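Right, one structure below, let's go through it.
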Amino acid sequence: MAQTHILGYPRIGAQRELKKALEAYWRGDVTQAELLRAGAAIRRDNWKAQHDAGLDLVTVGDFAWYDQLLNHTLLFGAVPARFSEGAADNRLDQYFRLARGRAPSGEPAAASAMTKWFDTNYHYLVPEFAANQEFTLDSSWLLDEVREAQGEGHAVKPVIIGPLTYLWLGRSDGDALALLPQLLPCYEQLLRQLADIGVEWVQIDEPILGLDLPAAWRDAFAPAYAQIGGAATAIRLLLASYFSPLRENLSLAFSLPVAGVHIDCVRAPEELPAAVETLGAEQVLSLGVLNGRNIWRADLGRLQAQLQPVQQALGERLWLSASCSLLHCPVDLETEQALEEAKRQKLAYARQKLDELKQLQTMLDDANAKIAEGDGAPAVPANTTEALADTWRPQSYAERAPLQRARWQLPLLPTTTIGSFPQTDLLREVRSRFRKDEISRTDYEDHLRAEIAEAIRRQEILGLDVLVHGEAERNDMVEYFGEQLDGFVHTGNGWVQSYGSRCVKPPVIFGDISRPQPMTVEWSRHAQSLTKKPVKGMLTGPVTILNWSFPREDIPRSESCLQIAKALRQEVLDLEAADIGIIQIDEPALREGVPLRDSEHRDYFDWAVACFRYTCAKVQPETQIHTHMCYSNFNAIMDAIVALDADVITIESARSELRLLDAFAGRQGGYPNEIGPGIYDIHSPNVPERAELVARLRQLLEVIPREKLWVNPDCGLKTRNWAEVGSALLNMVEAARSLRAELEVAESA
Ligand code: GLN
Ligand code: ZN
């Protein structure tokens, strides 16, 4: 009989108990003892869920107060020096200082950097290594959790991140790989300790095996695993990789001295035959056959048919699992109150995936126990390619720019913002009362119109050149469009951890997407009626809507993306018809969808970029299309950015100290269209000084031609308050004005 296990379970709790407990502790509302109890209860529930579902092993070590990689940083004692001054009174506060820069005890210090975990929307805390970094094992928390689970009577499999992935994900002054000899003794020691308390299997995650690794990193695997595999003969290692095909690393993975290998059969089903073939005579093969990245029920009948021969060949050496940790799924469908039954039938959250594993195990064991094949719609042939064949605007940027200049008559260094203005407490309250049916739609919309009027009034006083309506009607830039478009379903409790206590609730693309009616036109029209200055229309782009939703699996993602693009094209044309002649289409998630393997980038960018262009290919040349992205490292994707063919791009740059300029200035002749590198960081409450902003603009003018430079903040302002926003924007407008005057004087001299 095949064995069942998972790589990890969500740690936020079915009702986001961890979020609530953490935030209460940080606010000082509960004691640390209460927080610890809340965490222990979540762990106990998670193990019990696995046990009750009938899984053969229960996974331990996937719990984290903030982030699993940060757990490892403490596990190996790799705490950066700045956290040792004014250290906290206790270990957990020390941990929170690393994560957030502050904790109930200890001095504040600059928080660790955060970045996306592979191609997911989960963020991990980046380890920081000194050149001569030393590591010392502090395994008490992990051993305690293992004992906790053993105490509940579970057959326990701890999970740890492997040494190469841990080093790869860190930032270091020198070569992180050179730290490996320092780090490996910690792993040896840890595995020995686990063996001592009766652990048999340890899951060791090396997802970097799915990347295009430099040779030195690949070559480091065999000696590293020889060392740690050898140290703990009593421990059986299950090497896990996920999110991406193993390809050239496949034989490497199976040749390591590990007792088993887990592969992601959802992302790389084509590797199953090679894996079976390469598997050592004693090795276990764990197949990630349920999608850990999505919320659809599996087609168990199909899996049964596919896996039957594998089961016959491997027997107990076949393990069944989800493709990756279930961290990336919501917790429990049972907590969904309002979902229609017909829709609920199609879904499986983490808890339901446990049952699916058990069911699959039973079906494989008893060939007669075939259940009806899922009613998943058959894959429809994609017509994406055809529809996206010609998406370019008829005129080039060089032809459009003079027409736009003539129409808009903007000054040099035009000032603008990224779209949203502060979402005040009052606005949130009004929205929540509207959602609870406590106030009428008319009253709600009246309030939104008043918010918009206020935003316009303030922008006029500040003297901005291109105004925005402020996005008062949006709670979230994807959810808002998901709610207006047909084809999306919104869950009530489909929360997924994004980082720390923060969770997101991605909409679900349930069917074909279309736009029943205009989505933003009335708000933009209202804003424009209040001012003579141009008001920028504000849309979320098709790739971002796709990448921040749970996608369908019965058609390619590119196909859903095109459907969204078609809906957005209608919206763009309706905005244009309503005299909104500057339209911004945000794509902050374009980079997130980039496949982990270089060889697949081209295909992704081909359709993603074409879908973006599709949304605006039909507008008049005088209509100015903006786009926005909130990151700065464009080096790898510069060609795609250029191919978006937006007239203006605004990007994040304040925090990266203008590092991005290498990318934008480096290309032959530089970035071809107009660009607004954010000149101050909106994530900080600090108001930037005028002189600082002038200096930044001067720096920018050294690499960007003056007629192509826009002046704007890094991102939207919805998380700030009006006092900060007013002062910051005033300084920004003044800075632009003083440079503008200088440039004009120089011109006339
Ligand atoms: N227009 C959006 C805003 O200003 C953009 C947000 C984003 O890039 N994440 O809020
Ligand atoms: Zn942004």
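Values reported hereafter were calculated over all heavy atoms of this structure, with side chains retained and with hydrogens, waters and symmetry mates removed. Here the structure is a predicted model, which is why all the values come from computation and not from measurement. First listed ligand is number 1; within each ligand, the first listed atom is number 1.
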Residue pair Leu464 / Leu729: nearest heavy atoms and the distance that separates them: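 Scanning both residues, the minimum pair turns out to be CD1-CD1, 4.2 Å.
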Test side-chain contact (heavy atoms from CB on, under 4.5 Å) applied to Arg435 and Asn475, step by step: CA-CA 12 Å; Arg435 296 217 153 162; Asn475 178 30; 4.0 Å; yes
Looking only at distance, does [X] have an N or O less than 3.5 Å from an N or O of ligand 1?
{"X": "Ile418", "result": "yes"}
{"X": "His628", "result": "yes"}
{"X": "Glu471", "result": "yes"}

Considering the options Leu644, Thr650, Thr544, which one meets the side chain to side chain contact (heavy atoms under 4.5 Å, CB included) requirement together with Met629? Leu644
What do you get for the angle at the Zn ion (ligand 2) between NE2 on His628 and SG on Cys715, to the nearest 10 degrees?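 Taking the Zn ion (ligand 2) as the apex, the two atoms subtend 120°.
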Those atoms of ligand 1 less than 4.0 Å from some heavy atom in [X]:
{"X": "Met538", "result": "1 (N)"}
{"X": "Gly716", "result": "3 (C), 4 (O), 10 (O)"}
{"X": "Gly419", "result": "4 (O)"}
{"X": "Cys630", "result": "7 (C), 8 (O), 9 (N)"}

Nearest protein heavy-atom contact for [atom]: which residue, which atom, what distance?
{"atom": "atom 2 (C) of ligand 1", "result": "Asp586 OD2, 3.3 Å"}
{"atom": "atom 3 (C) of ligand 1", "result": "Ser420 OG, 3.3 Å"}
{"atom": "atom 6 (C) of ligand 1", "result": "Met477 SD, 3.5 Å"}

Would you indicate whether the side-chain heavy atoms of Phe118 and Leu211 approach each other to under 4.5 Å? yes
Does the cation-pi check pass for Arg293 over Phe243, that is, NZ or CZ under 6.0 Å from the six-membered ring centre and within 45° of its axis? yes
What do the steps show when you test Gln563 against Asp512 for side chain to side chain donor-acceptor pair (under 3.5 Å), and what is the final call? CA-CA 7 Å; Gln563 292 175 359; Asp512 288 338; 2.9 Å; yes
So Tyr480 and Thr540, side-chain contact (heavy atoms from CB on, under 4.5 Å) or not? Walk me through it. CA-CA 9 Å; Tyr480 179 77; Thr540 303; over 6 Å; no
Does the side chain of Asn686 come under 3.5 Å of the side chain of Tyr680 through a donor N or O and an acceptor N or O?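 Tyr680 and Asn686 do not have a side-chain donor-acceptor pair below 3.5 Å.
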